[in-house]
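Below: one structure, written as structure tokens.
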Amino acid sequence: QVQLVESGGGLVQAGGSLRLSCAASGRTFSYRTMAWFRQAPGKDREFVAAISWSGGNTDYADSVKGRFTISRDNAKNTVYLQMNSLRPEDTAVYYCAASSSFYSTDYYRGDKYDYWGQGTQVTVSS
């Protein structure tokens, strides 16, 4: 069984930065592809960023491109989301997700991912 535990959320002023972490446990093939999604109050869950096992492939939602960076450390079974230049519209619960599938063009689809963390709240004040 794979468990994903997020940390690093909090309250930050607009323009500030936060780094989210997601620690994975279980068989490593279970998290070949990792991603971050977010859900704001009253809105659907949306894709934020994804990364392949090697880290050689990354993709981002247009709304965060140039501000957020996804990375992973396989030795620590951890994926990160560095968030810079935060905006009030980035306020949401951020979820880590893992897929046993290799990286592919459906990286943005929530149904690609087999495992989800419990979420961590990010609040950006104006």
Query raised in the report: Is the number of heavy atoms from other residues, nucleotides or ligands under 6.0 Å of Asp111 CG greater than 12?
Result: yes
Query raised in the report: How far does OG1 of Thr78 sit from OH of Tyr31, to the nearest 0.5 angstrom?
Result: 8.5 Å
Report summary line: Here the gap from Thr69 atom OG1 to Leu81 atom CG, rounded to the nearest 0.5 Å, amounts to 8.0 Å
Query - Residue pairs passing the side chain to side chain donor-acceptor pair (under 3.5 Å) test where at least one lies in residues 116-126, sequence neighbours excluded - result: Glu6-Gln118, Gln121-Thr123
Query - Backbone N/O of Ser100 and side chain of Asp114: donor-acceptor pair under 3.5 Å - result: yes
Query raised in the report: Can Gln82 and Ser71 be said to form a side-chain contact (heavy atoms from CB on, under 4.5 Å), step by step?
Result: CA-CA 8 Å; Gln82 177 67 44; Ser71 62; over 6 Å; no
Requested in this report: Give, for atom CG of Leu4 and atom OH of Tyr95, the distance between the pair rounded to the nearest 0.5 Å.
Outcome: 13.0 Å
Report summary line: Shortest non-hydrogen pair, Tyr60 vs Ile70, comes out as OH-N, 2.9 Å
Query raised in the report: How about Lys43: does its NZ atom have over 12 heavy atoms from other parts shown lying under 6.0 Å from it?
Result: no
Query raised in the report: So, do Trp53 and Asn74 sit near enough that their side-chain heavy atoms are less than 4.5 Å apart?
Result: yes
Query raised in the report: Judged by atom type as modelled, is there a donor-acceptor pair below 3.5 Å linking the side chain of Thr91 to the main-chain atoms of Val124?
Result: yes
Report summary line: Rounded to the nearest 0.5 angstrom, the CG-CD distance for Asn77 and Gln3 is 13.0 Å
Requested in this report: Kindly compute the distance separating CD1 (Ile51) from OH (Tyr107), expressed to the nearest 0.5 Å.
Outcome: 13.5 Å
Query - Lys/Arg N to Asp/Glu carboxylate O, Lys65 vs Asp62, below 4.0 Å - result: yes
Under 3.5 Å, which donor-acceptor pairs link side chains of residues 11-26 to any protein atom two or more places apart or in another chain?
{"unit_1": "Ser17", "atom_1": "OG", "unit_2": "Asn84", "atom_2": "OD1", "d": "2.9"}

Requested in this report: For residues Arg38 and Val122, determine if any side-chain heavy atom of one lies less than 4.5 Å from a side-chain heavy atom of the other.
Outcome: no
Query - Approximate separation, where rounding is to 0.5 Å, of Lys112 NZ and Asp106 CG - result: 4.0 Å
Requested in this report: Please tell me if the side chains of Thr33 and Tyr113 come closer than 4.5 Å, counting only heavy atoms from C-beta onward.
Outcome: yes
Query raised in the report: Is the closest side-chain heavy-atom distance between Val79 and Trp36 below 4.5 Å?
Result: yes
Query - Cluster companions of Val5 among Ile, Leu, Val, Met, Phe, Trp, Tyr (side-chain spacing under 4.5 Å) - result: none
